[in-house]
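To keep things clear, I will list the structure first and then write my remarks on it.
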2 protein chains.
Amino acid sequence: MSVTLDHPSEASRAETRRAQIRAAAADCFRQHGFHGTSIAQISKAAGMSTGHIYHYFENKEAIIADIVAQDLERSLTLTTELRSASDVKDAMVERAIEGVEHNLDPSSAGLQLEIVAEAARNPHIAEIVRAADRACRGSLADTIRTQRQAAGHQDSEATIAGMVEALAAMFEGLRIRTIRNPDLDQAAVVQVFRRMIHDLLSQTP
Amino acid sequence: MSVTLDHPSEASRAETRRAQIRAAAADCFRQHGFHGTSIAQISKAAGMSTGHIYHYFENKEAIIADIVAQDLERSLTLTTELRSASDVKDAMVERAIEGVEHNLDPSSAGLQLEIVAEAARNPHIAEIVRAADRACRGSLADTIRTQRQAAGHQDSEATIAGMVEALAAMFEGLRIRTIRNPDLDQAAVVQVFRRMIHDLLSQTP
DNA sequence: TAATATAGATTGAACGTTCATTCTATAATG
DNA sequence: CATTATAGAATGAACGTTCAATCTATATTA
């Protein structure tokens, strides 16, 4: 709508500041959790005053919601990418290492766990998380269904849904594993995961 | 040393009170998280004054640590139980339903996620959690190793460790799944899990 | 047994601090 | 000059924790 974009400011200036606050807040949340982090801490990390934060976010919860939404958008992208592969089974087995690596990164895992824990009790955050999860499940179910049908298997929708949940549990479970066992052998996990995914997608009734 | 035990009080009175506080606190923590719960809330839920809480716990973190320790002791018991089964593979497949049910209970899952999220940033809680996890892994590794050797397989320790991590990730991952997808089809998950566990324990190089 | 002493359980108010949020004033921008 | 960005002080509520006081019940004494 706005025409004058001579300067990079205009609309983008505000978004830059918002991103700056998001990044600083995410850092704080990783270290101290949502409710262990104060606005004062966030403002310090972002290099601005406390009052200024409220110029860009209505309140603390809005910052949390923004980070959650941004984070979930990223994971939706990852899930959708799989569908474009020519041989889905091979692609999933091959890319298992990426999924394992991604979910085992402790700082990422910490924030993700904070988000789910918050979703377990905060209806507003739960809504955002569940909508994103629904989209991810749908995408993954499509991917698996296509692959199974192409291989000549006949599965009920419940079976497909069960496979989706099992795969999701495996990868998301790694976020818990990396906290509970920081010395976990990543290579060994990748090897076992590959075999399990292969077997799951090839299984006959 | 003390002889007079006419009344059930003496030493047990204090433990009763501690248990009462633990239960009330766990309830609050489930609903509002560790750092979203105030001592005032806990004291109200436990039906006693705020000051009285400090008669039994040094501070808020001590209550958290106590609940965490108690919770982890229970999961260690569950893991150890498996070892006594005659046919471990059958037992694991048969008892998959219990593991799935247990980890899918939303109120249990919520507190467990709160604990892991706290462990991700609080070294004291991390220490408790990791010690318990080490014990569980050891027990599960023994169980799997025995079963695999009995079936004539030759696995490296890394492979056994990978299997342990995969199984742990699957079941613990369900805690995340039940929050992100409350409508999850439990029966479908049980069926897929059974097959996956069977295949994992029977797999050949 | 009646009277007193003592220990521990329990209370709720008070403390100093920190919190999220709002208000006010100044600087930068266009 | 008008608007927006920014800073920082101000506000009142809520926090974890402490503490002096009271209540309850058992033990001691006479």
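Note on naming: letters A, B, ... go to the chains in the order of the sequence lines (proteins, then strands), and numbering restarts at 1 for each one.
- Listed nucleotides: C/dA20, D/dT17, D/dT6. Nearest to the side chain of B/T50: D/dT17.
- To the nearest angstrom, C1' of C/dT11 lies 16 Å from NZ of B/K44.
- A/F57 comes within 4.0 angstrom of nothing in the nucleic acid, heavy atoms only.
- Atom CG in A/N59 sits about 5 Å away from atom P in C/dT21, given to the nearest Å.
- In the set D/dA5, C/dA20, D/dG16, D/dA5 carries the atom at the smallest distance from any side-chain atom of A/R13.
- Residue A/R17 has its side chain nearest to D/dT6 when only D/dT6, C/dT21, C/dA9 are considered.
- Side-chain atoms of A/S156 and A/T159 form a donor-acceptor pair, as typed in the model, at a separation below 3.5 Å.
- If you check every strand for non-hydrogen atoms under 4.0 Å, A/T37 touches sugar and phosphate atoms only.
- Close to D/dA5, at under 4.0 Å from its OP1 or OP2, lies a side-chain N or O of A/H55.
- Picking from C/dA20, C/dT11, D/dT17 the nucleotide with the shortest atom distance to the side chain of B/S49 gives C/dT11.
- Rounded to an integer number of Å, the gap from B/I53 CD1 to D/dC19 C1' is 16 Å.
- For A/R194, the side-chain hydrogen bond (donor to acceptor under 3.5 Å, both in side chains) criterion is met by no residue, not counting sequence neighbours.
- Separating the NE2 atom of A/H35 from the P atom of C/dT18 is a distance of 20 Å, rounded to the nearest angstrom.
- Remark: C1' of D/dA5 and CE of A/M48 are 10 Å apart, rounded to the nearest angstrom.
- B/E118 and B/H35 form a side-chain donor-acceptor contact under 3.5 Å, judged by distance and modelled atom types alone.
- One finds no side-chain N or O of A/Y54 lying less than 4.0 angstrom from the OP1 or OP2 phosphate oxygen of C/dC23.
- Remark: P of D/dG8 and CD1 of A/I39 are 17 Å apart, rounded to the nearest angstrom.
- If you take CD of B/Q20 and C1' of C/dT10, they are 12 Å apart, rounded to a whole angstrom.
- A/E165 and B/N181 share a side-chain donor-acceptor pair at under 3.5 Å.
- Here the C1' atom of nucleotide C/dA9 and the CD1 atom of B/I21 are 12 Å apart, to the nearest Å.
- No hydrogens or angles considered: a donor-acceptor pair under 3.5 Å links the side chains of B/Q112 and B/D71.
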